[in-house]
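Worksheet: one structure, shown below.
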Amino acid sequence: MPSIKLDNVSLDFPVYDAESRSLTTSVTKLMPIGGTIRRSNGKRTSILALDNISLSLEDGDRVALLGHNGAGKTTLLKLLSGFYEPTSGSINCNGKVSALLELMSGMDLNMSGQENIILCGMLHGLDKREIIRRRDDIAEFSELGDYLTMPVRLYSSGMMLRLAFSICTSIDCEILLLDEWVGTGDQAFIKKAHERLSELIFRSAILVFATHDRTVAKRLCNKAVFLEHGKALMYGDIDDVLAYSEQVYLDSLKG
Amino acid sequence: MRRDPHYISDAFGDISLALKSRSLWMALGWNDVRSRYHRSKLGAFWASLSILIFVSALGPIYSNLLGISLREYTTHLMLGLMLWGYISSIVLESGREYINSTNYLVSFRLSYFTLLMRVVWRNLVVFLYQLIVFIVLALVLQLPITISWIIAPFALLAITMAALWMALLMSVFATRFRDLSELVNNLLRLVFFVTPIMWIPSPNTQLSLVADLNPFYHLIEVFRSPVLSGDINLQNWIVVSAMLFVGWLLAFPVFAAFRSRIAFWL
């Protein structure tokens, strides 16, 4: 059974090329943006990107990550994908993870669409046989036709997006990590894309989705985490967390 | 905390994941070679050609200067340059590999060792292209083909394993300390001149001592000596075995200890 368990996870990010200036620290403390910047002995700078987070996700959980810019949403996704390991605490991830954090990554502009389908499939951990089995479906969904034999650098950005999207939504996984989904491309494709994305979410056991869009969050998710300064201020039912974050927002307006 | 056993098992997991994803690093490495020579007519044969041009320009002059037959000198020089290029490129390119592949590491479950194998593979492809031209040269110069040639693939494997532990160390430290790549680049250039590639040590001279004390000489000789003279030198193999043993004993724990920190250094 796929599951994710985080126990007091913190991520203290060393920064090697920041100037030590005390002014910035005091300013960011007042604003809800970013993780806490820490300096020990004025020498070593680090950012506490995630601060003591404990979460337990199970099969059927569709979790929205809410919070301001730099609250730790993407960092948390990168931790779940296995890119970062926690600097303290423990993480236990059961199940095949697929992280759609950057849509275009893995694409080689000098290679043709067909070659990119194979390369990206391999990067996602599929073997050759599986990729060949899915190739026609990917090609058909992208609607790129003969362009698939052309180098990707000749594509328009919308065409590239079609290809990238078609590839990464064809990968089956148990735990799906999605970063802020930006919809470009023509209207007809966006509709198709949303349907396909919904199917992918339906097929996966757990979804973790970082977003600012409350309506999308409400449509796709049943739970939510509200992050601020890397702390999980609230975790629970999506409606409760949305109401809470609304309250936090209103409070911040009042000052 | 870093001696915690899970660091060791994670590092083993990293390496075994790389060995399982062979088709991936072969594809990535091959693409690297292809894109380096993208749209050029000769493609990867440029790697062979550039060595051939160098050897045919330098060969007649240096063989004269050193008083060695043209055939002996050119084959020695060409094979030496190829092997040196293979080893030093693997080590140097590993210093930049994680940084250049950050977007792969973020988006996919790739092990770090997979990326090192990609570096090995693209350099192996180049080496094999050069080897084709070397064999043609050897036939033209009527170099005797002996039974000792069958040791060559094993020698290449040993050389690759040695280059890999150096690459492993390099990849960890050069990602953290960005000056290291430049420093090692300069050091390797010095080692190149000290190693018998452009010159041949005559036995029992001071120069032969310089060669014998240099581990890179033995690393090159395990391949070069059986191919060129048919000799399989036990001393070379002893030094290379020791290098492999000590090197991996050093590099693996370092990799295991710092592996989880690499993502923060990118």
Side-chain angles (χ1 to χ4, degrees), chain A residues 11-17 46-47 49 74-75 77-88 90-91 93 96-112 115-116 118-131 151 153 164 167-168 171 173 175 177 179, chain B residues 1-2 4 6-7 9-11 13-14 17-18 20-40 43 98-112 114-115 117-118 121 175-179 256-266:
Chain A
L11 198 80
D12 196 19
F13 209 103
V15 182
Y16 298 104
D17 46 8
S46 69
I47 293 171
T74 304
T75 310
L77 288 179
K78 286 181 182 173
L79 184 93
L80 296 174
S81 78
F83 176 68
Y84 290 129
E85 283 182 27
T87 46
S88 70
S90 71
I91 174 169
C93 228
K96 185 181 177 293
V97 180
S98 181
L100 309 187
L101 305 183
E102 285 159 40
L103 210 52
M104 293 294 296
S105 65
M107 296 269 256
D108 187 325
L109 296 186
N110 281 322
M111 296 203 306
S112 72
E115 290 170 313
N116 268 298
I118 292 177
L119 181 69
C120 289
M122 287 171 107
L123 283 164
H124 277 289
L126 300 183
D127 63 40
K128 264 245 162 77
R129 220 173 327 115
E130 281 177 276
I131 299 168
R153 88 190 119 83
I167 294 170
C168 61
I171 313 294
C173 62
I175 297 168
L177 310 175
D179 206 352
Chain B
M1 178 177 155
R2 284 194 177 143
D4 197 316
H6 90 87
Y7 283 94
S9 63
D10 285 356
D14 192 288
L17 181 61
K20 268 181 243 156
S21 31
R22 200 176 63 232
S23 55
L24 174 61
W25 47 256
M26 282 166 74
L28 288 172
W30 181 247
N31 284 340
D32 290 338
V33 177
R34 265 200 342 177
S35 57
R36 193 184 301 171
Y37 300 102
H38 184 63
R39 285 171 63 194
S40 79
Y98 302 154
I99 301 162
N100 293 341
S101 302
T102 306
N103 66 338
Y104 281 2
L105 288 165
V106 171
S107 301
F108 310 104
R109 267 203 92 75
L110 285 193
S111 72
Y112 290 108
T114 301
L115 291 173
M117 290 308 294
R118 167 205 197 170
W121 191 253
T175 307
R176 171 67 183 83
F177 302 103
R178 301 293 170 92
D179 300 271
F258 294 109
R259 201 187 64 90
S260 64
R261 302 294 297 166
I262 296 172
F264 297 116
W265 299 336
L266 292 172

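In what follows, chains carry the letters A, B, and so on, assigned in the order in which the sequence lines appear, proteins first and then strands, with residues in each chain numbered from 1.
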Contacting region of A:Leu11 [heavy-atom separation from chain B under 4.5 Å]: side chain
Reported CG-to-CG distance for the pair A:Leu101 and B:Asn103, which is rounded to 0.5 angstrom: 11.5 Å
Spacing of CD belonging to A:Glu85 relative to NE2 belonging to B:His6, to within rounding of 0.5 Å: 6.5 Å
Heavy-atom contact with chain A under 4.5 Å, split by part of B:Ser107: both
Plane angle bin for B:Phe264 and A:Tyr84 - parallel if under 30°, tilted between 30 and 60°, otherwise perpendicular: parallel
Distance (rounded to the nearest 0.5 Å) between A:Lys96 NZ and B:Arg109 CZ: 10.5 Å
A:Met111, part contacting chain B, at a heavy-atom distance under 4.5 Å: side chain
Spacing of CE belonging to A:Met122 relative to CG belonging to B:Leu28, to within rounding of 0.5 Å: 7.5 Å
Toward chain B, the part of A:Leu123 with a non-hydrogen atom under 4.5 Å: both
Among the listed options B:Asn31, B:Leu266, B:Leu110, the residue most often paired with chain A at heavy-atom distances under 4.5 Å: B:Asn31
Option that, when pairs with chain B are counted at under 4.5 Å, heavy atom only, ranks first among A:His124, A:Glu102, A:Lys78: A:His124
Interatomic distance, B:Leu24 atom CG to A:Leu126 atom CG [nearest 0.5 angstrom]: 11.0 Å
More than 12 heavy atoms of other groups within 6.0 Å of A:Arg153 CZ: yes
Partner chain A: residue of B:Arg259, B:His38, B:Arg39 with the largest heavy-atom pair count (under 4.5 Å): B:His38
